[in-house]
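Just so it is clear: chains get the letters A, B, ... in the order the sequence lines come, proteins before strands, and each one is counted from 1. Predicted, not measured: the structure shown is a model, and the values here were computed from it.
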There are 2 protein chains.
Amino acid sequence: MPNQDDQHEKLTEAQDRFVASWGQMAGAWGISRTMAEAHSLLYITGKPMNTDEIMDRLQISRGNASMSIRALLDWGIISRTHKRGDRKEYFEADQDVWSMFRSIVRERIKREVEPLLATLFEIRDSSPAPDDATGDQQKELLAHQKRLEEMLSFMRTMEKLSHRFVSPSGSGLELAAKLLTKFDR
Amino acid sequence: MPNQDDQHEKLTEAQDRFVASWGQMAGAWGISRTMAEAHSLLYITGKPMNTDEIMDRLQISRGNASMSIRALLDWGIISRTHKRGDRKEYFEADQDVWSMFRSIVRERIKREVEPLLATLFEIRDSSPAPDDATGDQQKELLAHQKRLEEMLSFMRTMEKLSHRFVSPSGSGLELAAKLLTKFDR
DNA sequence: GGCTTGTTTCAATTTATTCTGAAACAACCA
DNA sequence: TGGTTGTTTCAGAATAAATTGAAACAAGCC
């Protein structure tokens with residue numbers, strides 16, 4: 001029968017593996033490796049931790065820890081807590097994966113989709129009007145306009161779709177997703 | 001009334017702006033700036049272009065152009081063409097935004113989600129079994145298991161959902177998306 | 001005020017990524 | 001086969017991004 005230390009060591013090892021594999025995905029999610037690691041550490045341990053504990057566990061500098069934690073707070077996927085009789089700040093991760101995911105989507109729309117949409121509108125408005133041209137040139141301008149419109153319409157559909165998922169009433173996201181996959185093929 | 005050269009200059013300018021704004025998003029999408037620029041150039045001009053034309057227009061080196069084009073081919077969002085009487089290879093972008101998007105999702109699932117899922121399964125299997133423990137330790141192991149399971153279940157739902165969108169029969173993606181947003185609030 | 005504890009900032013450095021340019025390669029032609 | 005045109009590769013250079021560590025800052029306490 002395994003003893004307690006054995007068990008604990010294995011647990012820690014599993015946690016570390018979880019953190020590492022999450023860190024690898026960081027790039028894909030548009031956040032830095034440390035951010036991803038800190039977040040996954042808080043998620044998988046389920047325990048509030050302070051800056052020093054995070055530094056020690058991830059072997060990173062104080063500055064890096066501070067900035068990564070700040071960024072996670074800005075993204076809204078971790079939150080501050082306090083322990084009685086301890087002046088340090090503690091941080092904990094949202095334990096609901098779906099709500100965590102919603103926060104990420106919300107933030108990425110704000111940071112990436114919205115600015116791009118704004119630019120696309122600008123470009124459309126500053127593109128030459130097909131009415132003012134004739135013949136082949138007019139065709140070309142019309143085609144250009146069409147491509148812009150299609151991209152715009154796509155982006156707006158995606159934006160609206162995401163907002164739906166993200167909105168307070170959008171907790172249906174989980175249900176919707178499950179339903180969609182349930183009735184597959 | 002605007003003359004032809006005026007019009008053409010404005011068109012080129014609009015295209016350049018499109019390419020630039022797309023390039024800015026590159027990081028967020030997990031591809032390099034040049035890849036994004038080359039792709040958006042092919043998309044917005046709608047014309048097949050050869051390596052030299054792309055180099056000139058984007059002001060990049062031959063090596064960079066070659067590698068970026070190759071990567072785009074690998075992602076399946078541009079394709080080769082040829083012109084009669086011209087030995088050069090030409091490249092053109094998929095003009096259907098939705099199918100383009102599907103290719104991207106398909107590729108990202110393959111590159112990011114699937115490996116992560118595999119690792120998560122491994123971690124679950126190598127995590128210590130709660131049965132072997134007692135008391136608080138058992139509680140802790142159970143909580144760990146639960147968090148792993150939730151993450152796994154989330155990722156699998158997402159994977160299935162994406163596969164649905166991506167599958168040949170999944171051309172319904174566009175319709176589904178439009179419907180979902182249509183009946184909003 | 002001065003002391004202790006905890007947090008943030010940021011210039012300098014390290015690390016990772018992207019890009020260049022020239023050489024190697026490949027395919028065709030006479 | 002040698003010449004021409006087009007493409008790919010890759011070591012080194014340039015660029016961008018993340019990280020460190022020490023100093024500055026805050027807040028509480030005596």
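Under the 3.5 Å distance criterion, the side-chain polar atoms of B:Q7 are matched with a main-chain donor or acceptor of A:D132. Here the side chain of B:R147 pairs a donor or acceptor atom with the backbone of A:I44 at under 3.5 angstrom.
We find that CG of A:N64 is positioned 15 Å from C1' of C:dA12, with the value rounded to whole Å. The distance between atom OH of A:Y90 and atom P of C:dG6, rounded to the nearest whole Å, is 9 Å. In this structure, B:R80 atom CZ and D:dT8 atom P are separated by 6 Å, rounded to whole Å. Separating the CD1 atom of A:I60 from the P atom of C:dT14 is a distance of 19 Å, rounded to the nearest angstrom. Going from atom CD1 of A:I54 over to atom C1' of C:dG6 covers 14 Å, rounded to whole Å. In this entry the distance linking NZ of A:K88 with C1' of D:dA26 reads 16 Å, nearest Å. Taking atom NE2 of residue B:H82 and atom P of nucleotide C:dC28, one finds them 10 Å apart after rounding to whole Å. Between the CZ atom of B:F91 and the C1' atom of D:dT7 there is a distance of 9 Å, given to the nearest Å.
Out of D:dT7, C:dT9, C:dT8, the shortest distance to the side chain of B:T51 is found at D:dT7. Closest contact between the side chain of A:M67 and the listed nucleotides C:dG6, D:dG6, C:dT9 involves C:dT9. The side chain of A:T34 sits closest to D:dT19 out of D:dG6, D:dT19, C:dG6.
Across all strands, B:S32 comes closer than 4.0 Å only to sugar-phosphate atoms, never to a base (heavy-atom distances).
For the pair A:R33 and D:dT19, the criterion of a side-chain N or O lying under 4.0 Å from OP1 or OP2 is met. Checking the phosphate oxygens (OP1, OP2) of C:dT9, a side-chain nitrogen or oxygen of A:R70 falls inside 4.0 Å. Phosphate proximity of D:dT7 to B:S66: absent, as no side-chain N or O sits under 4.0 Å from OP1 or OP2.
The environment of B:W75 atom CH2 is dense: over 12 non-hydrogen atoms of other residues, nucleotides or ligands sit within 6.0 angstrom. The number of heavy atoms from other shown groups lying within 6.0 Å of CD (A:E114) is above 12. Heavy atoms of other residues, nucleotides or ligands lying less than 6.0 angstrom from CG of B:D136 number 12 at most.
Comparing A:S61 and B:E89 against DNA chain D, the residue whose closest nucleotide sits nearer the 5' end is B:E89. Checking A:D52 against B:G63, the closest nucleotide of DNA chain C that is more toward the 5' end is the one next to A:D52.
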